[in-house]
Amino acid sequence: MPELADPQTRPEPHGGPHGEPPALRRLLGLVGGASPLTRLAVITAIIFLVMSLLRPDPFFTAGNFSSMAFQIPEFALLSLAIMVAMLTGGIDLSIVGVANLSSILAVLVMRHLAPEVGGEAGTLGVIALGILVALLCGSLCGLLNGLCVSYINIPPILATLGTGLIFTGIATVLTGGAAMMGFPAEYSVIGNGTLLYVPVPMWIFVALAAVVAVILSRTAFGLKVYMMGTNPLASRFAGISNAGINIRIYMICGFLAAVAGLIIASRANSAKADYGEAYLLLSVLVAVLGGTNPYGGVGRVGGIVLAVLSMQFLSSGFNMMQVSNFAKEFIWGALLLVVMVVNLLQFRSAPAAPGLPRPQGQPAPSLDKT
Amino acid sequence: MTSPPLLDLIGLSKSFAGVRALDDVGFAIAKGEVVCLAGENGSGKSTLIKIVAGAQPADAGSIAIDGQVQRRWSPMDAVRAGIQVIFQDFALFPNLSVAENIALNQELSAGHRFINWKAVRAVARRGLERVGVDIPLDQTAETLPVADKQLVAIARALLSDARLIIMDEPTTALTEREVRHLLDIIRRLRDDGVSVLFVSHKLNEVFDVCDKIVVLRNGRRVAAGTAAEFDISSLTRHMTGRDIAAESHRRAAGADARELLRVEGLTKHGAFADIAFSLKAGEVLGITGLLGSGRTQLAKALFGLTPVDGGCIAVDGRPAAIASPQDAIAHGIGYVPEDRLTEGLFLSQPIAANIVVGTVDRHTGGGGLLDRHGLKAEARRWIDKLKVLTPSPDLPVQSLSGGNQQRVVLARWLATNPKILILNGPTVGVDVGSKAEIHAIVAGLADAGIGIIVISDDIPEILGACARILVMRAGRITDEVSGEVSADDLALRLAS
Amino acid sequence: MPSWATRNEVIVALVIVALCVVTALINPSFLSLATLFDMLRNGILIGLLAIGVMLVLISGGIDVSFTAIAAFSMYAATMLLVDLGIGDSLLLAFLISAGIGLSLGMINALFIAGFGLPTLIVTLGTLSAFRGFLLAFVGSDLISNVPPAMRDFSRSMLVRGTDAAGYFYSLPTAVLFLIAAVVITWFILYRTMLGRSIFAVGGSREAAARIGFNVRATQVFVYGYVGVLAGTAGLIHASLARVANPSDIVGLELEVIAAVVLGGARLTGGYGTITGTLLGVTLIVLVNNTLVTLGIPTTWQKVMIGFLILLGTGLPAFQARLRANRMG
């Protein structure tokens, strides 16, 4: 597993000569005035520059860029899933469970069928079938989440917490808790191959991010998602089917999680019920860092991409400074809190700026409302 | 009068973002006096209450208690002076018992660190006795009917040694019987020497209970005097302003107009029963009734927001199964909701998005992608057509004034090209100028052949807009009148 | 009509009884003091944590960081006791651990009450930050030579003996802490203004502020109290296990929240009872302990708990939805 994927591995020696940069926080404050996305772009660039200057040799090298490009896609896809769920004012805590269950089903299909069919074409067909099963599983898990949230009215946190346990539980039952091997060798391309010098998983992420961005900003469905996230009552009165939107959103979440699961499994060459557990928190962090409003209605794919990049730069940079995975976990948590506070202070100073997140349900005081 | 008044308001003014909400308003309330503060929505009543309660400072003017001008005026000062405000939402704790809701206030201000449940119950019982009602002390507040919640709030206010109780639109959610009961309680309070400032825009209630009436319009005090100095028509005139009320946009259906909507035997248990009416093309039909008469629930049922228990709806002569807003829209029905801010608008989203959200499916081009230019053009067209005042359609809709916000909601529905438009309280919270324009827009829509249902308890509005008016009481249509009745007559029919 | 919370408690109680009956039918030795004491022992940690979570839910928030607080306090306290050579006083051990828990709870309070940030996001952040800080900067190795006071505490039993069937049973003294926490929390919630303010804030923040409750102070108390409970629970856990493992406890948070929610506490705030919470904890512990007896592999545990969460939250939510539909 890549170091990002599993911070719960044995601790590395820590306490490198360069501690965490307190300058970072000041810089965060300095760029406070710009639009959130610009601000994030500046922060990302600064992190990149600082890391490149501090550790030019290991950081600013083709090898490192390639390694980062392999590490990014899986948690970027999960972050995208969280962002999409947050747009509706909900959250999907089951994504990691969905990812693992989907990849486990995929490996089960592949290893049962692969020996029975011969030839390269046959193997590719089996792989395709396995992938299809995983994607179907992800979408169905999402459907279940959507039904719980929109038809039974369970708060999204609890609904996805419950289904997440169920998905992880089923995954544990299927594998007995062990890592499940048996992918055909060709499957490794999904997580480890390159195409035109760019890792295959990165291509997958770029393609899906583009699709999600188009869905959100260029389709009627996307517009309705933002509207419902802003004010679910008004969207109901405007004739939008909130249940339909929710179900489709959670299905998209499940689909993205399944793709992430397939990539994780390919990179690890196995599927396991507890892979990538640390990704859940990281994805929430990336979503919030990327400017997504947990109350709904505000969030962009571009923000997620930038947040993912800045997280990866930080993470790789810290690795090169011999900062332990646990220290990174600490820094991520702290960063999440700092970003929330910075955002809060900015909203307070410029509450009327268009396009900024604002918790709904507390409309701005209106003169006319008597 | 020898003793100074309990509360004396002197020349209060208040502006928000350059708009005058209150302009040099002053009046006094004596001990044991029931004063009605009358005025339409947007007249400045709420601002005045907030200032008196200490929740907002006035820009100019002063407040005197027992003849003493107050320097500091915080919410705590107001409470210490014996002023208790019962807001429209009652500020109850839904999860706590009736006893606690009534007595917690007392326990808190007494500085108790521990709870003595016997004392809590005794205090609560005393409070309810003063109001003269019996509500189970252990019941959870959220399971109480609205009227009981209000009584709990009143009991709580009385216990805090209230000398003046301010009630903000206390009858909004009450049935007629509950209103009468409330008025009895107000009279009893008066006899006990408690003053009451009763804020309302409902004419009939105003006469029932008040010693004195103060009328606000557009932030100014336009009339004040004893109740005997007013009658319904003079009060209406003061509240609405003569010029506006005189204008009429009534649209009756032409003799050969086709029937757009027919409703028969529509019933929802506990809300309305056996509703039957029809609506023709180009007609503006009024449905009026007090709150709790079932008018809003009827509107929601017609739009598919709440399931009905029986009856049928036919659109264009064909039976229509309307189980969701989507069904209603498919049948060409639009609904402009009552509460614009929570039900009508996506406040932080751009004006353009608020307009096109209902028609966005029609602007889907090749490959399922949105035709963004088409959408923008559509938003622009409606902004021009309905004269929405804004520098850019990309600004959030919360940057608009109430009247312009309502035009945005209207535009959204007009863009869907509806056959039938249901307007619930179309000018609530809209300034007087915009009001007339919205009425003109509605009349224009009727001329274009849309069947319009206006639901409102604003009598001048409904008289001005509708040729035919259905009166609802306790969930049933009890009366049908033509627009040729007087305001007094209609008010009587509503309440009697 | 009985209130919703009561019915939730009744449902959970019935499930517990049914589970016990079925287990006892399959394995009669289930009905023994040994089983009961075993479950009590297993319930101490989850029970203490659940009481804290219940308080947070009543106040209208949610906390997922309490496991990290428990692990942090437990490990840091044990380390201090060992390093400073002051491991002879049990009281001091608990004071240090609870004190660290309190400080960490105050950090939550700073972001939640001070800045008014959403509780889920804040505690997700502090979960990661506390845990990361502990493992990166405090230590990541097991401490297996726990101080004498903790070792003695682990041997201290209220009752011990052997039953007729020859099974050994014992009830650790540590269970007194759970009982004390229940009594103290009950007293705070139902006998003090502070407790009522927690209910009031959870029921309607705005109304609470309007009648003069100090909403922020209430929140500070709640998150501080959770910290103290977590610190205490952590130290008990390390004592009973006779090892301080910094990677322990974290990962239990969803199970604990599940127990509290099953007991009828609502995520929207204002509702929650100690009886319900204890029933929820009992059910979770029971599920964890009886599956084997029932012939169900332990791997099904998570599925069962997830299913129970959906059932426990879905039923009332669905009822509320139907009710709203009826009212229009």
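Keep in mind that the numbers below use all heavy atoms, side chains included, and drop hydrogens, waters and symmetry copies.
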From CD1 (C:Ile188) to CD1 (B:Ile115), nearest 0.5 Å: 13.5 Å
field: Minimal non-hydrogen separation, C:Ser204 against B:Pro94, with atom names
entry: CB-CD, 4.2 Å
- request: Would you please test B:Leu108 and C:Arg196 for side-chain contact (heavy atoms from CB on, under 4.5 Å) and show each step?
  value: CA-CA 10 Å; B:Leu108 193 65; C:Arg196 301 324 288 166; over 6 Å; no
- request: May I ask you to check whether over 12 heavy atoms, not counting those of C:Glu206, lie within 6.0 Å of atom CD?
  value: no
task: Measure across B:Leu92 and C:Ala207 and return the closest heavy-atom pair with its distance rounded to 0.1 Å.
output: O-CB, 4.1 Å
query: Taking all atoms of both residues into account, what is the closest heavy-atom pair of B:His112 and C:Met193, and its distance?
result: O-CG, 2.9 Å
- prompt: Has C:Tyr190 got more than 12 heavy atoms of other residues, nucleotides or ligands less than 6.0 Å from its OH?
  reply: yes
query: Just by distance, do the side chain of B:Asn95 and the backbone of C:Gly269 share a donor-acceptor pair under 3.5 Å?
result: no
- prompt: Non-hydrogen atoms of chain C under 4.5 Å away: do they reach the side chain of B:Leu104, the backbone, both or neither?
  reply: both
message: Check the orientation of B:Phe93 and C:Phe213. Use parallel for under 30°, tilted for 30 to 60°, and perpendicular for over 60°.
response: perpendicular
task: Count the heavy atoms belonging to other residues, nucleotides or ligands that lie under 6.0 Å from CZ of B:Phe277, then report whether that count exceeds 12.
output: yes
